[in-house]
Each structure stands twice: as structure tokens, then as C-alpha cells.
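Here's the structure, in C-alpha cells; my notes come after.
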Number of protein chains: 2
Amino acid sequence: MTGKLTVVGLGPGSPQQVTPEALAAVAEATDFFGYGPYVDRLDLRPDQRRHASDNREEMSRAAAALTLAAAGGSVCVVSGGDPGVFAMAAAVCEAIEQGPDAWRGIEFAVVPGVTAMLAVAAKAGAPLGHDFCAISLSDNLKPWSVIETRLIAAAGAGFVMAFYNPVSKARPHQLPKAFEILRAHLPGTVPVIFGRAAGRPDEAIRVVPLSEARADMADMATCIIVGSAETRLIARDGNRPLVYSPRSWDAASAGKR
Amino acid sequence: MTGKLTVVGLGPGSPQQVTPEALAAVAEATDFFGYGPYVDRLDLRPDQRRHASDNREEMSRAAAALTLAAAGGSVCVVSGGDPGVFAMAAAVCEAIEQGPDAWRGIEFAVVPGVTAMLAVAAKAGAPLGHDFCAISLSDNLKPWSVIETRLIAAAGAGFVMAFYNPVSKARPHQLPKAFEILRAHLPGTVPVIFGRAAGRPDEAIRVVPLSEARADMADMATCIIVGSAETRLIARDGNRPLVYSPRSWDAASAGKR
């Protein structure tokens, strides 16, 4: 008997941002795989089993989950945010492609969630209101030269950028380099948003101009949004400024690039 | 007395994909502004008022909502998907910037939601599993030349692309042009996903190679995802193929570009 594997997005962290669809998928399954802190968010019944693992074991986690599902299990793989954005959905697909034929017969589904950049953007205003891109700054799985090419292409074409995996203990130099590259291609006044734990009690949102953005403003749980030359700040008395990217393209503003 | 304005994302369409945070924001407010079909999704109480308007009246809708909030109202502006992605959050920010000073004192919040590209990606597998961008193909608010520049930059740098507002009665020629440009910059085998009403009963998801992608496969409610040269298809007996973009960058595959 072949079982079922669902990859579920738990949103940015607040229970208020988990969809009913995600909760229903969790209620249906019996075995849960994921990075420890994400599995810890689940309120499991005694008959539901935790298989938590470390942050950098995505492929072995995917294989273990698929093995159990192929044997008839009802399995959930959980991710924070949306599982399709730099998270477990792609790792499970990769494992299916490389694994035994039987894994292709498993009933497979992905439940989307609110990804970090949307939660951080919401707290800041509407910085993703115009064309934007999402880039993982981790060079564990791709060469740094590819990341540089993408930063320059995105800045030159006027995309707002969201950075995932901006920094870690093993990768302290990537984010400073990224800011250095962007300062050569964008005005120093472009707003940069550092968003951490959006929607949770320990939420921290900070907005600085690109000229003052520093890598020590981020950790591995931070999502960073870098505006385009068109992104604007609205000052407000006694409140954080609103950051937004206008829906319309202003030739005069873009000319400042 | 100054009131409150919250811009709320209702997700792609299924009630199962609306967050508790969005429902709580709706329960708290008394006046609701938005494009008719989005306001129609709300299950309002008799004391809650609808102010539905047409699709292309974003700025007058934002101004009306802000005027009511400035007079002490408790106001919701609703969007489908996420309100920060090509939707009402940026329009309201724009109106605040251009409007009377009092509008900056309104208590303003944005509630994020599952945006269309995440819902469509989830149905297809994990096409957004690597670096990606989101582009509105509407040239109502930006010149077509800017869109062309972005398509070429994104294809050249290896971004997967999600297209919002791909086509409308007033804009029949933009999507065919976009496919023509992409065919000059990407292999014809790159998977293209046409996703409509993801998660709703009338859901339609279709995957074709770029060489066979046609504009009449989309309407204004379709979200289109175009893979990169690295995006892969996994054939499955009796099931739609899975589409995913590997987390790691493969120099050999990228060389095919």
C-alpha cells in the first residue's frame, strides 16, 4: 500500500498566520518530518510522531519521509513560511526524481503558506508593490558568482529584492559583499528593511538607507528587503516610516539610477 | 478621532487558505472597500458595510477608505492573495503620501496572505524552489520597454518568473510578446505553468513547454510561472508531472542557456 506525503507551510511563526488548510493537513497525518524548531510549533496528539532533524539535512529528511510514505505512512514534512520558497518542497521533489520508481506513485501534495518576505513587507508598508525578486544568499548550493550576477541583473532592471538565508556562522562574508555590490548599482538612499520574527512577540523590523546597511543588522532568521530606485519612504509622526514601491513606473525617479 | 485602516489579504480564493489573522481583522472592522469579487468573499454581519468598486479604481478606492478612517472609521481594504503583491497595499500607501497630513496619523496595518504564485507553485510541485521573480505584465502603469528589459534580465540571470496580470481584453498583445522574447532567451523545453483558481473547485493547472506556450491558455485571473533552464519535470504514471527548480545550481544545465 502506498501512502501519502504532504509538504506543509506553517507561515512566518505566528499561529494567527497558519492557514486552516495547513492545520487540516497536520491533523490528518501521523508522522512529521522537519527542522526541529518547525516541528516544535505543532500541537501533536499522542498518536502522532515527531521526526525532527537538523537544519542542513534536507535530503536525508526527504528520503526518510518518502520511505515511510512509500510503505503506506501518512506523512507531513513541515517548513516555516511557504514550503516552496527555499524550503522542503524542492528537496522532496529532488529526492523523488532521484529515488526508486515507487516514490513517484506516492500521493504528493504541497500546502502553501505565507512566506517570510510577505510578512516582513506587510510590517513595513508595501515594498513589494512593484516587480520584485527573491534570492537566497547562501552559496552552499550555488557558486557566489551566480549570486553576484543575479544581484547586478536585479538592481539594473529595477527589481526590488528579498534576501533569504542572508547570513550564518559558516557564511559571514556573503551579506557584506552583497551590500557592497548593491551600493555600486543603486542610490545610497534606497531603503533596506531588516525583518525578523514578523508577527511574533519578538518581532524586530528596522529600516535603514542602503548606505548605512550593515551585515550585523541580520542573522540567519532575518529576511531582508532592498528597495529599487523607485521605492519611497513616508515619514509619520511617532511611527516607523512606511516603505512602499509605487505601482507605476516613474521615468524621472528611475533616471537617478 | 482618528480611526484605523487595515489592508487584508484574503488568499487565492479558498476559505481554507485564509489566515485567522485575516478573519480577525475582518471581524473587527465595520466598513469594507475592495474590488467587488473580493468583497463578495466576505461573510459580513448586518452592521458591516460593503463599499465594492470596479477593478481599475484603486486610487479612488484608497482615498475613500482613508477618508472614512480619518473620520474615525474602522476600515478594511481587501485584496485577493497577498495585498502587498500587485494589489491594494501600495495603492493605499501612495494615497497616504499624496493626501492630507491627517492620513499619516491613521492607524495603518497590512495583513499578509498567500499570494497566487505560491498557490499555483504548490499545485505544480516546487517551481519557485530556487531564485525567482514576480513581474506584472500590465503596461497600464509602466512602459512596455521596462517589462521587456526585466524579462530579458531575469531570463539571462537564471530567475524563474511568475507573471501577474498576464492578459486582459484591453491588453491582448503583451503576453504573446513576452513569450516571444523568452523563447529567444531560454530553451524551448523550459516548463511553463498556467494556474487558475488554485485551491478552488474550478482549479485549472496546465504545464506546457515554452515552445508551445500560447497566450490563449491564460486569462486575467491566471498566474503564469515560467521555469529557468534548470527547472525540471518529473513524469508520474496517471498524474500530472511534478515541476521543480532544484535548490542547487548545476553548471552543466545552466550551460544549455
Side-chain angles (χ1 to χ4, degrees), chain A residues 11 14-21 24 82 84-86 89-91 93-94 96-97 104-105 108 110-115 118-119 121-123 125-126 128-136 141-143 146 149-150 153-154 156-159 199 232 234 236-237 242 244-249, chain B residues 11 14-21 24 82 84-86 89-91 93-94 96-97 104-105 108 110-115 118-119 121-123 125-126 128-136 141-143 146 149-150 153-154 156-159 199 232 234 236-237 242 244-249:
Chain A
S14 161
Q16 290 298 303
Q17 293 180 333
V18 182
T19 66
E21 185 184 34
D82 179 85
V85 176
F86 307 119
C93 287
E94 200 173 326
I96 291 174
E97 188 179 25
R104 300 185 185 212
F108 175 75
V110 179
V111 174
V114 174
T115 184
L118 301 183
K123 291 292 169 181
L128 304 179
H130 200 72
D131 301 336
F132 64 93
C133 61
I135 302 176
S136 168
L141 296 167
K142 64 187 164 191
V146 169
T149 301
R150 290 180 184 168
F159 286 102
R232 302 184 60 79
I234 309 176
R236 296 185 299 170
D237 281 348
L242 286 177
Y244 83 101
S245 300
R247 303 162 310 133
S248 53
W249 189 84
Chain B
S14 161
Q16 291 297 304
Q17 294 180 333
V18 182
T19 66
E21 185 184 34
D82 179 85
V85 176
F86 308 118
C93 287
E94 200 173 326
I96 291 174
E97 188 179 25
R104 299 185 184 213
F108 175 75
V110 179
V111 173
V114 174
T115 184
L118 301 183
K123 291 293 171 181
L128 304 179
H130 200 72
D131 300 337
F132 64 92
C133 61
I135 302 177
S136 168
L141 296 166
K142 64 188 164 189
V146 169
T149 301
R150 290 180 183 167
F159 286 101
R232 303 183 60 79
I234 310 177
R236 295 185 300 170
D237 281 347
L242 287 177
Y244 83 102
S245 300
R247 302 163 309 135
S248 54
W249 189 84

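Here is how names work: the chains are called A, B, and so on, in the same order as the sequence lines, proteins then strands, and each is numbered from 1. Worth saying up front: this structure is predicted, and the values here are computed from it rather than measured.
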- Task: Please report the C-alpha distance between B:Leu118 and A:Thr115 in whole Å, then the side-chain angles of each, then the deciding distance to 0.1 Å, and finally whether the side-chain contact (heavy atoms from CB on, under 4.5 Å) criterion is met.
- Result: CA-CA 9 Å; B:Leu118 301 183; A:Thr115 184; 3.9 Å; yes
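- Of the two parts of A:Asp82, only the side chain, counted from C-beta on, holds a non-hydrogen atom closer than 4.5 Å to a non-hydrogen atom of chain B.
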- Task: For side-chain contact (heavy atoms from CB on, under 4.5 Å), just list the numbers for A:Thr19 and B:Val18, CA-CA rounded to whole Å, side-chain angles, deciding distance to a tenth of an Å, and then say yes or no.
- Result: CA-CA 6 Å; A:Thr19 66; B:Val18 182; over 6 Å; no
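- Not one N or O on the side chain of B:Arg104 forms a donor-acceptor pair closer than 3.5 Å with the backbone of A:Arg236.
- Checking side-chain atoms of A:Asp131 against main-chain N and O of B:Ser136 turns up a donor-acceptor pair under 3.5 Å.
- For chain A, the option among B:Ala122, B:Ala121, B:Ser245, B:Gly129 with the highest count of heavy-atom pairs below 4.5 Å is B:Ala122.
- Listed options A:Gly199, A:Cys93, A:Pro15, A:Ser248 were ranked by heavy-atom pairs under 4.5 angstrom with chain B; first place goes to A:Cys93.
- B:Leu128 touches chain A through backbone and side chain together, each having a heavy atom under 4.5 Å away.
- Using a 4.5 Å cut-off on side-chain heavy atoms (C-beta onward), A:Ile135 and B:Phe159 make contact.
- Counting heavy atoms from C-beta on, the side chains of B:Gln17 and A:Pro112 come closer than 4.5 Å.
- Among B:Pro20, B:Ala126, B:Ala90, the residue with the largest count of heavy-atom pairs under 4.5 Å with chain A is B:Pro20.
- The nearest pair of heavy atoms linking B:Ala89 to A:Gly125 is CB-O, 4.3 Å.
- Contact check for A:Arg232 versus B:Glu94: no side-chain heavy atoms found under the 4.5 Å cut-off.
- For a residue to count as touching a neighbouring chain, one of its non-hydrogen atoms must lie under 4.5 Å from one of that chain's; by this rule B:Ala134 touches chain A with backbone and side chain alike.
- Here B:Ala91 is the residue among B:Ala119, B:Ser14, B:Ala91 with the most heavy-atom pairs under 4.5 Å with chain A.
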- Message: As a quick check of understanding, evaluate side-chain contact (heavy atoms from CB on, under 4.5 Å) for B:Phe86 and A:Arg247, giving each step before the final call.
- Response: CA-CA 7 Å; B:Phe86 308 118; A:Arg247 303 162 310 133; over 6 Å; no
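- Ranking A:Lys123, A:His130, A:Gln16 against chain B, the residue ahead of the rest is A:Gln16, based on heavy-atom pairs under 4.5 Å.
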- Mind running side-chain contact (heavy atoms from CB on, under 4.5 Å) on B:Val85 and A:Phe132 for me, showing each step along the way? CA-CA 9 Å; B:Val85 176; A:Phe132 64 93; 3.9 Å; yes
